[in-house]
Amino acid sequence: EPGSRHWWQRYYRLAGHIDKDPPILAASRGYLTALLQAGEEEQALAVIHDALNRDRGFQTEHPEQVFRLARIARRDDRPSLALRIMNGFVQRHPEHPDAPKVLLFSARIAGEDFRRPDEACKLLDALLRRYPEHTLAQEARRIRSRFADAS
């Protein structure tokens, strides 16, 4: 396994020349980690976007990368990519510390960016049901009442 961003980039490009999904997806995981460590956020978004287009169930090497990548995508005005990045995270990692944040962030994107308050309320209800004592529960209740009024 390559140890630096430079070697991951070479490995990723080589896998791209083969143009078969399994090697590209395998290289994407390590390359994403290297890119995020180096602060190369724009390139990281390009890599995860390509990986999700090849396999909609693509998962990052480390679960904590999901919320970070989703925030970067939304900041870069790519809310649909942010939702795709977070899709299925809570089902795969219900005990992960980022799970409540992922639900709340997904709800905000659904309600604010896509104007789907019903979908946002469902996500917030899931957060409140699964994590009723979490510190984000109060914010989820506040946001939910705003979205409920909008629907």
Heavy-atom side-chain proximity of I109 to M86 below 4.5 angstrom: yes

Return yes if a side-chain donor-acceptor contact under 3.5 Å exists between N87 and R92, otherwise no. no

Check against side-chain contact (heavy atoms from CB on, under 4.5 Å), I24 and I18: CA-CA 8 Å; I24 293 171; I18 298 169; over 6 Å; no

So does P94 get a backbone contact from the side chain of R130, meaning a donor-acceptor N/O pair under 3.5 Å? no

With a 6.0 Å cut-off (strictly less than), is the heavy-atom count around CZ of R146, excluding the residue itself, greater than 12? yes

For P100 and L127, which heavy atoms make the closest approach, and how far apart are they? O-CD1, 3.1 Å

Are any non-hydrogen side-chain atoms of R141 and Q138 less than 4.5 angstrom apart? yes

Are E112 and R74 close enough for a salt bridge, meaning some N to O gap below 4.0 Å? yes

Just by distance, do the side chain of D76 and the backbone of R78 share a donor-acceptor pair under 3.5 Å? no

If a pair satisfies ring pair (Phe, Tyr, Trp, His ring centres under 6.0 Å) and one of its residues is in residues 111-151, list it, with sequence neighbours excluded. none

In terms of heavy-atom contacts, does CG of D77 have more than 12 from other residues, nucleotides or ligands at under 6.0 Å? no

Reported CD-to-CD distance for the pair Q65 and E61, which is rounded to 0.5 angstrom: 6.5 Å

As an exercise, state the distance from CZ of R68 to CG of D98, rounded to the nearest 0.5 Å. 12.0 Å

If we check side chain to side chain contact (heavy atoms under 4.5 Å, CB included) with T60, which of these qualifies: L36, L32, T33? L32

Answer with yes or no after comparing the ring centroid distance for Y31 and Y11 against a 6.0 Å cut-off, counting only values under it. no

Please examine the side chains of L83 and S106, heavy atoms only from C-beta on, and report whether any two atoms are closer than 4.5 Å. yes

Do R5 and E40 have side chains that get closer than 4.5 Å, going by heavy atoms? yes

For H93, check ring pair (Phe, Tyr, Trp, His ring centres under 6.0 Å) against everything at least two apart and list the hits. F89

Those residues at least two apart in sequence (or on a different chain) that pass salt bridge (Lys or Arg N to Asp or Glu O under 4.0 Å) with R54 are D19, D21, D50

Taking only residues two or more places apart in sequence or in another chain, which ones pass side-chain contact (heavy atoms from CB on, under 4.5 Å) with E42? none

Ignoring hydrogens and angles, tell me if any N or O in the side chain of H62 forms a donor-acceptor pair with the backbone of E64 under 3.5 Å. no

Taking the side chain as every heavy atom from C-beta outward, state whether H49 and R84 have any atom pair closer than 4.5 Å. yes

The reported gap from CZ in R29 to CH2 in W8 (rounded to nearest 0.5 angstrom) is 10.5 Å

On a heavy-atom basis, which atom in V90 and which in L103 lie closest, and how many Å separate them? CG2-CG, 3.6 Å

Between R108 (side chain) and L104 (backbone), is there a donor-acceptor pair under 3.5 Å? no

All N/O donor-acceptor pairs, side-chain side in residues 116-123, below 3.5 Å, sequence neighbours left out:
unit_1 : atom_1 : unit_2 : atom_2 : d
R116   : NE     : E119   : OE1    : 2.8
R116   : NH2    : E119   : OE1    : 3.3
D118   : OD1    : S151   : OG     : 3.4

Closest non-hydrogen atoms of L25 and A51, given as atom of the first, atom of the second and distance, are CD2-O, 3.6 Å

All ring pair (Phe, Tyr, Trp, His ring centres under 6.0 Å) counterparts of F58, not counting sequence neighbours: none

Validation row: I48, I85 side chains within 4.5 angstrom (heavy atoms): yes

Looking at CD of Q9 and CD of Q43, how far apart are the two atoms once the value is rounded to the nearest 0.5 Å? 7.0 Å

